[in-house]
2 protein chains.
Amino acid sequence: MNKTELQANLEARAQLFKALGHPVRLLIVNLAHIKPRHGEELATILNLNPATISHHLSLLTDAGLLSLKKDQYYHTYSLIGDVLNKTLDEIIRLPQAELMANVEEDAYRNKVLKSFLKRGRLVQIPRQFKKEQIVLEKIVEEFEPGREYLEREVNRILLEFHEDVAALRRGLIEHHLMKRDKGIYWRPTEAQDH
Amino acid sequence: MNKTELQANLEARAQLFKALGHPVRLLIVNLAHIKPRHGEELATILNLNPATISHHLSLLTDAGLLSLKKDQYYHTYSLIGDVLNKTLDEIIRLPQAELMANVEEDAYRNKVLKSFLKRGRLVQIPRQFKKEQIVLEKIVEEFEPGREYLEREVNRILLEFHEDVAALRRGLIEHHLMKRDKGIYWRPTEAQDH
DNA sequence: ACCCTGATTGGATGAATGTCAAATTATGTT
DNA sequence: AACATAATTTGACATTCATCCAATCAGGGT
């Protein structure tokens, strides 16, 4: 599947919801649930012009909710039951691959990193928590998970990024990216991370 | 509940589907499923103007899909999980009372009866199967379910409706509204009816 | 008090949608 | 063949919707 197909799939899911997003069409689905119906019947019951009903019916069939059987010159529409048993979540949730194809999930992260890190050095410590989080997550990659560091080793590494190593150390602790006990620092392993 | 409230309820259901009926909003729901998100982040990831994102977010929250938490000057939107576990059917299906309030379910039947039955007599036997069905269902009410009738009794009753009693008799049999065996006619009871 | 940042609101504009009337197509009947 | 019935299509119109820009609002920091 290429990107275009993935987007088409996304459109198809939206189309199903769009088809259900109109009160008249919800009524039609309910009436078709009781028994199959033909156009004129629905037009009479709902007090709408046959052309309007025809329009709604084609949206519902295109979305895969109704099936059409021709009978003399009646077009009888029946409800396709199995679609309705799916949960919203089953229809909405995109597989990882598809999500990535439609979206640059780390565009925001990259934008923040790009604006604060120039040639490997921190231009400024972000004042906003969410941005500080992103920058510190990047910095903490310099530490090996599980390994213990003395404060002066920590400082040496942090100095590569910014002079104010005390602020960085404090930030790392506050954001739970590093732990400290009796002057020893370590980066939690992924498993303990949450 | 009065009629207006019922219609409002119907609109609310449609609103939920409408909110999901757009590809960008499906992406937002997917992203919010991974973790809560704030507006600027979504605008960057989806490459859209913040105003546009704000618009989509308000549709999703109005529909009850997202919840908002304010954090400094970030507005963080989280997915409300339980709605998504409902099936389409649970959301679409209207209780009988509500359906009846929005719809004249037997408008079509009444229209057909009105056009063929004048002062209790059949103006003409409908040429179309579906209309004949409706008229004969009305006529068969003159017979007591389960009771046995001789052909001449049947004729006497049918004559009240139309001269061509033979055509009516044939219609009643074809539409399975009456049964015949060895010149004896009877109307099936409800239980045997299907 | 004054800036900064993110979010929302109020137009503005083009696109999509809902509705109906009139014309057309498909099927059946006389 | 001519007519009748139901469905669909087409065209017109009004409504709603998606998107962006510009202005405003709300929190926080200097």
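The analysis underlying the following values was restricted to heavy atoms, covering all of them including side chains, and did not include hydrogens, waters or symmetry mates. Below, read A as the first sequence line, B as the second, and so on, with proteins coming before strands; counting in each chain starts at 1.
At whole-Å resolution of the value, CG in B:Leu46 and C1' in D:dT19 are 14 Å apart.
One finds a side-chain N or O of A:Lys131 lying less than 4.0 angstrom from the OP1 or OP2 phosphate oxygen of C:dG6. The side chain of A:Gln128 contributes no N or O atom lying less than 4.0 Å from OP1 or OP2 of C:dT5. One finds no side-chain N or O of A:Lys70 lying less than 4.0 angstrom from the OP1 or OP2 phosphate oxygen of C:dT25. Distances shorter than 4.0 Å separate some side-chain N or O of A:His38 from OP1 or OP2 on D:dA7. Between B:His75 and C:dT8 there is a side-chain polar atom (N or O) within less than 4.0 angstrom of OP1 or OP2. Applying the 4.0 Å criterion to OP1 and OP2 of C:dT30, one finds that B:Arg127 has every side-chain N and O outside that range. Contact between the side-chain N/O atoms of B:His55 and the OP1/OP2 oxygens of D:dA18 is found at a separation under 4.0 Å. The phosphate of C:dG6 (OP1 or OP2) has no side-chain N or O of B:Gln72 nearer than 4.0 angstrom. Regarding contacts with the backbone of D:dA6, every side-chain N or O of A:Tyr77 stays at 4.0 angstrom or more from both OP1 and OP2. Between B:Tyr74 and the phosphate of C:dC4, there is no side-chain N or O to OP1/OP2 separation shorter than 4.0 Å. For the pair A:Thr52 and C:dT19, the criterion of a side-chain N or O lying under 4.0 Å from OP1 or OP2 is not met. Regarding contacts with the backbone of D:dC17, every side-chain N or O of B:His56 stays at 4.0 angstrom or more from both OP1 and OP2.
Panel note: side chain A:Arg25, backbone A:Lys18; a donor-acceptor pair is recorded below 3.5 Å.
There is no side-chain donor-acceptor pair under 3.5 Å between A:Tyr185 and A:Glu148. Counted by atom type alone, A:Asp62 and A:Gln15 present zero donor-acceptor pairs between their side chains at under 3.5 Å.
Aromatic pair B:His162/B:Phe116: centroids not less than 6.0 angstrom apart.
B:Leu48 comes within 4.0 angstrom of sugar-phosphate atoms only, judged by non-hydrogen atoms across all strands, and of no base. Residue-level contact check: B:Lys130 touches neither bases nor backbone, having no heavy atom under 4.0 Å from any strand. Residue-level contact check: A:Leu59 touches the backbone only, with heavy atoms under 4.0 Å from sugar-phosphate atoms and none from bases.
Heavy-atom nearest nucleotides on DNA chain D were determined for B:Tyr108 and for B:Ala51, and the one closer to the 5' end corresponds to B:Tyr108. Across the interface with DNA chain C, nearest-nucleotide mapping of A:Lys18 and B:Pro50 shows B:Pro50 to be the residue nearer the 5′ end. When each of A:Leu57 and B:Val24 is assigned the nucleotide of DNA chain D bearing its nearest heavy atom, the one mapping closer to the 5' terminus is A:Leu57.
Here the side chains of B:His22 and B:His56 are in contact, with some heavy-atom distance below 4.5 Å.
For B:Tyr73, the listed nucleotide lying nearest its side chain is C:dG6; candidates were D:dA18, C:dG6, D:dC21.
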